[in-house]
Amino acid sequence: MTSAANLTPDAPAADRIPVILERLHQEYPDARCALHHENPLQLLVATILSAQCTDERVNQVTPELFARYPTAEAFAQADLEELEQAVRSTGFYRNKARNIQQACRRIVAEYGGQVPDTMEELLTLPGVARKTANVVLGTAFGIADGIVVDTHVKRLANRLGLTQESNPEKIERDLQALVPREEWIDISHLLIFHGRQVCSARKPRCAACVLNDLCPSAQV
DNA sequence: ATCCCGAGGG
DNA sequence: CCCTCTGGAT
């Protein structure tokens, strides 16, 4: 669709990025956060639960979870074993339950029960690093402080030759240098959608990929 | 580098 | 069985 003129897979990433973004926007016009949530706290909790777990499974446990614990205060006062059982099917359930409760206790004690909206403050919460903080800032607050680098973004950035790094923070810096800031929130959703539907970890469907002609890793 | 941890796909 | 799923802390 988009004319790639003389672009080839070995062209500089900076030259391929505009075409990659344009094609992914066209392919996934509704790409957005797939975690069900109604407020920043729900998104924070859902994102903590999403570690090494599909968003689909997170969405399976959150309706009951948010009904039982409607506020940061409720999570803060929860019986830990009950909270563990409520999130059990998402894996890493002891760590996740403890982090959610400890984070909520700090949110109650230090932020009046409201999720903070700065990277610096979010990073002080237990169980929250740059990936989770970027999700909350971008999707709950519309703040493009950084770029979400999850397992999909990492895999696709490497396959597409947008970075040579394996460290997520270095990948984020490379992407920040390549992508205009107004696309920082969208690009992660686009790469995640494409990673799920086409560029899967185990068996990428290169024949059906709209980036095929621009991808250094494309299989014949 | 290692541990946490369940569930589904191939 | 082995790999993967919107990672983070030690």
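Scope of the values below: all heavy atoms of this structure, side chains included, with no hydrogens, waters or symmetry mates. A, B, ... follow the sequence lines: proteins, then strands. Residue 1 opens every chain.
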*Asks:* Figure out the CD/C1' separation between A:Q60 and B:dG6, and round it to whole Å.
*Replies:*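 Nearest whole value for this atom pair: 12 Å.
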*Asks:* In whole angstrom, give the distance that lies between atom OH of A:Y93 and atom C1' of C:dG8.
*Replies:* 18 Å
*Asks:* Quick one: A:I100 CD1 to C:dG7 C1', roughly how many Å, whole number?
*Replies:* 13 Å
*Asks:* Scan side-chain atoms only and decide if A:E172 and A:N134 contain a donor-acceptor pair under the 3.5 Å cut-off.
*Replies:*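 Yes - a donor-acceptor pair under 3.5 Å links their side chains.
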*Asks:* For the C1' atoms, the ones on B:dC5 and on C:dC3, what distance do you get once it is rounded to whole angstrom?
*Replies:*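 Nearest-Å result for B:dC5 against C:dC3 at atom C1': 15 Å.
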*Asks:* Round to the nearest Å and state the distance from A:N134 atom CG to C:dG8 atom P.
*Replies:* 10 Å
*Asks:* Look at A:K96 together with A:E84 and state whether they make a salt bridge at an N to O cut-off of under 4.0 Å.
*Replies:*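 Salt bridge absent between A:K96 and A:E84.
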*Asks:* Tell me whether the side-chain N/O atoms of A:T132 come closer than 4.0 Å to OP1 or OP2 in C:dT6.
*Replies:* no
*Asks:* Quick one: closest heavy-atom pair of A:H36 and A:F66, and the distance?
*Replies:* O-CE1, 4.0 Å
*Asks:* For atom C1', what is the distance between B:dA7 and C:dA9, given to the nearest Å?
*Replies:* 23 Å
*Asks:* According to side-chain contact (heavy atoms from CB on, under 4.5 Å), who are the partners of A:A11, at least two apart in sequence or on a separate chain?
*Replies:*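 With sequence neighbours excluded, A:A11 shows a side-chain contact (heavy atoms from CB on, under 4.5 Å) to A:L7, A:T8, A:R16, given in chain and number order.
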*Asks:* Is the closest basic N to carboxylate O distance between A:D213 and A:R23 below 4.0 Å?
*Replies:*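 A:R23 and A:D213: salt-bridged.
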*Asks:* Between atom CG in A:L43 and atom C1' in C:dT6, what is the gap in whole Å?
*Replies:* 11 Å
*Asks:* For DNA chain B, which residues of residues 117-131 of chain A approach it to below 4.0 angstrom with any heavy atom?
*Replies:* none
*Asks:* Please report the distance, rounded to the nearest Å, between CG in A:L35 and C1' in C:dC5.
*Replies:* 12 Å
*Asks:* To the nearest Å, how far apart are A:R98 CZ and C:dG7 C1'?
*Replies:* 14 Å
*Asks:* Mind listing the N/O atom pairs, protein and nucleotides 1-4 of chain C, below 3.5 Å?
*Replies:*
{"unit_1": "C:dC3", "atom_1": "O4'", "unit_2": "A:R202", "atom_2": "NH2", "d": "2.9"}
{"unit_1": "C:dC3", "atom_1": "N1", "unit_2": "A:R202", "atom_2": "NH2", "d": "3.2"}
{"unit_1": "C:dC3", "atom_1": "O2", "unit_2": "A:R202", "atom_2": "NH2", "d": "2.4"}

*Asks:* Distance check, P atoms only: C:dT6 and B:dG10, in whole angstrom units.
*Replies:* 14 Å
*Asks:* Between A:R205 and A:Q197 (side chain of the first, backbone of the second, donor and acceptor by atom type, cut-off under 3.5 Å), is there such a pair?
*Replies:* yes
*Asks:* Answer yes or no: does atom CD of A:E38 have more than 12 heavy-atom neighbours from other residues, nucleotides or ligands under 6.0 Å?
*Replies:* no
*Asks:* Tell me whether A:T124 contacts the main-chain N or O of A:E121 through its side chain, where contact means a donor paired with an acceptor under 3.5 Å.
*Replies:*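 A pair under 3.5 Å: yes.
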*Asks:* Side-chain N or O of A:R88 less than 4.0 angstrom from OP1 or OP2 on B:dC5?
*Replies:* no
*Asks:* So with a 6.0 Å cut-off around CD of A:Q219, is the heavy-atom count from everything else above 12?
*Replies:*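 No, because the 6.0 Å sphere around CD of A:Q219 holds 12 heavy atoms or fewer from other groups.
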*Asks:* Donor-acceptor pair, A:T71 side chain versus A:A74 backbone, under 3.5 Å?
*Replies:* yes
*Asks:* Kindly state whether the pair A:F92 / C:dG7 counts as stacked, where counting means centroids closer than 5.5 Å and planes tilted less than 30° apart.
*Replies:*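 By the stated criterion, A:F92 and C:dG7 stack.
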*Asks:* If you check the A:S89 side chain, which of B:dA7, B:dC4, C:dT6 turns out closest?
*Replies:* B:dA7
*Asks:* Check the distance between C:dC5's P and A:L156's CG and give it to me in whole angstrom.
*Replies:*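 Result: 10 Å.
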*Asks:* Between C:dC5 and B:dC4, how far apart are the C1' atoms? Round to whole Å, please.
*Replies:* 15 Å
*Asks:* Which part of the nucleic acid, if any, lies within reach of A:R94 when heavy atoms closer than 4.0 Å are counted: base, sugar-phosphate only, or nothing?
*Replies:*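 Answer is sugar-phosphate: A:R94 comes under 4.0 Å of backbone atoms only.
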